[in-house]
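In what follows, a single structure is set out as structure tokens and then discussed.
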Amino acid sequence: MIVFFGLRSARIESRKLDANTTCEHCNSENSFIASVYGNYFHVFWIPIFSTGKAIVVECNHCKKTYHLKDLSPDNQKAVQNSFNENPPKKAKWLNLGCFVILGFVFLFICLAIYSIILSSFNDDYEDNYDTDYPTYEESKIDGETNDDEYVIENPDPKWIKTLKKDLLESELYPNKEEEPVSYALQQCLDTETLGLGEDDIGYYYEVNDDEVLILLQPWNLSKLNEKEKNAFYKKIDHCLDIILKDENYKRFIGVYDQHELKMQKTPKGMVKDSTAKSSELLKEFYDKI
């Protein structure tokens with residue numbers, strides 16, 4: 001039966017003793033060679049942690065070996081004095097497994113902390129989206145309208161909730177196999193020239209029968225002027241003409257930035273900036289699904 005764990009020993013250092021010693025077997029003088037062995041616990045022959053050291057003495061003349069405790073008191077004292085004056089080197093590799101285990105524990109803790117922070121960020125992000133579309137309604141007292149008081153309500157229609165969920169799932173690095181349209185769009189858009197940064201756009205798309213939804217989330221859109229924004233919107237259309245040239249899809253396009261829709265475009269038309277925030281052009285796509 002093969003044992004994959006247990007105790008083993010490894011020689012750390014050997015030295016010839018200069019002290020006055022006598023072999024108790026052959027009476028040879030000053031012929032001892034002392035070796036220090038490190039004992040360790042192993043798993044699959046990988047050292048996990050050290051379990052101590054042992055000193056073994058061999059007579060270079062008759063090859064008789066002794067454990068330290070088996071030597072005469074004078075010989076024991078000579079061996080111990082030699083190692084006290086010149087201690088053997090430390091074999092840190094005997095604790096290799098401990099360092100590896102501690103490394104994995106540290107990595108696990110870091111990943112857990114990162115996961116908690118990321119989860120908290122996503123929760124806050126969703127909460128921010130939930131307040132994107134506040135509406136103001138006049139409050140009524142005893143059936144009469146009070147123009148001085150307003151109640152802020154957030155109806156959050158179902159289609160807007162779905163839109164926000166899709167935006168949260170947008171990919172900065174779309175996969176060619178799983179998100180071919182987003183991937184092709186990312187490759188086509190020259191975002192560096194447009195001033196948006198190469199990796200600063202989230203992409204999302206969805207197909208429903210003969211309709212396709214394209215959502216983009218450029219983080220630096222607010223830095224562009226009106227002319228640069230229009231060039232970006234025009235480039236989106238140009239790229240989709242190339243990507244969807246063989247498909248007769250009705251296109252529904254949304255560009256999102258700073259928690260607000262900055263552009264909506266459907267077969268019914270296009271709206272931008274402040275008008276895009278309150279427009280419901282994309283509602284037609286979401287109502288059907």
Side-chain angles (χ1 to χ4, degrees), residues 1-126 168 171-178 197-200 219:
M1 180 179 178
I2 300 176
V3 179
F4 296 107
F5 63 92
L7 297 175
R8 302 189 77 187
S9 297
R11 186 162 59 183
I12 299 173
E13 181 184 339
S14 293
R15 66 175 66 169
K16 189 177 187 312
L17 297 179
D18 296 329
N20 293 325
T21 57
T22 303
C23 176
E24 298 169 26
H25 183 259
C26 68
N27 294 322
S28 176
E29 294 183 354
N30 303 328
S31 60
F32 279 168
I33 295 177
S35 298
V36 179
Y37 287 83
N39 301 320
Y40 61 90
F41 178 79
H42 75 92
V43 176
F44 288 100
W45 303 282
I46 300 175
I48 302 301
F49 56 85
S50 173
T51 59
K53 295 178 182 178
I55 298 176
V56 176
V57 176
E58 180 183 28
C59 176
N60 198 33
H61 181 262
C62 65
K63 305 303 180 183
K64 172 73 173 178
T65 59
Y66 305 88
H67 289 286
L68 186 62
K69 64 180 180 179
D70 297 329
L71 293 172
S72 66
D74 289 340
N75 285 337
Q76 284 187 29
K77 185 176 180 180
V79 172
Q80 289 172 342
N81 287 340
S82 175
F83 285 104
N84 288 337
E85 293 174 0
N86 186 16
K89 58 186 178 181
K90 296 181 180 180
K92 295 181 180 179
W93 62 271
L94 295 179
N95 297 299
L96 175 64
C98 282
F99 292 119
V100 173
I101 293 172
L102 288 174
F104 276 112
V105 170
F106 178 75
L107 178 62
F108 175 79
I109 292 174
C110 289
L111 291 176
I113 294 173
Y114 174 77
S115 177
I116 293 172
I117 294 174
L118 186 63
S119 175
S120 175
F121 171 79
N122 286 337
D123 290 343
D124 293 341
Y125 199 44
E126 290 178 356
L168 284 172
E171 294 285 344
L172 284 175
Y173 307 100
N175 183 281
K176 184 177 181 179
E177 287 71 29
E178 298 178 5
E198 183 179 359
D199 300 323
D200 293 334
W219 311 117

According to side-chain hydrogen bond (donor to acceptor under 3.5 Å, both in side chains), who are the partners of Q80, at least two apart in sequence or on a separate chain?
none

Contact between H61 and C23 at the side-chain level, heavy atoms closer than 4.5 Å - yes or no?
no

Taking all non-hydrogen atoms of both residues, which atom of K53 and which atom of V36 are closest, and how far apart?
CD-CG1, 4.2 Å

Residues two or more places apart in sequence or in another chain: which of them pass side chain to side chain contact (heavy atoms under 4.5 Å, CB included) with E24?
Y66, L71, S72, N75

Counting only heavy atoms not in K16 (residues, nucleotides, ligands), do more than 12 fall under 6.0 Å from its NZ?
yes

Reported CD1-to-CZ distance for the pair I113 and F108, which is rounded to 0.5 angstrom
10.5 Å

For N20, what residues pass the side chain to side chain contact (heavy atoms under 4.5 Å, CB included) criterion, not counting sequence neighbours?
N30

For side chain to side chain contact (heavy atoms under 4.5 Å, CB included), just list the numbers for T21 and E29, CA-CA rounded to whole Å, side-chain angles, deciding distance to a tenth of an Å, and then say yes or no.
CA-CA 6 Å; T21 57; E29 294 183 354; over 6 Å; no

Nearest heavy atoms of F32 and T22, plus distance in Å:
CZ-O, 3.8 Å

K63: side-chain hydrogen bond (donor to acceptor under 3.5 Å, both in side chains) partners, not counting sequence neighbours
N60

When rounded to the nearest 0.5 Å, the distance separating OG of S35 from CD of E58 is 7.0 Å

Please name the pair of heavy atoms, one in R15 and one in S82, separated by the smallest distance, quoted to 0.1 Å.
NH1-O, 3.2 Å

Partner residues of L111 under the side chain to side chain contact (heavy atoms under 4.5 Å, CB included) criterion, sequence neighbours left out
L107

Those residues that, when tested against S31, pass side-chain hydrogen bond (donor to acceptor under 3.5 Å, both in side chains) (two or more places apart):
S28

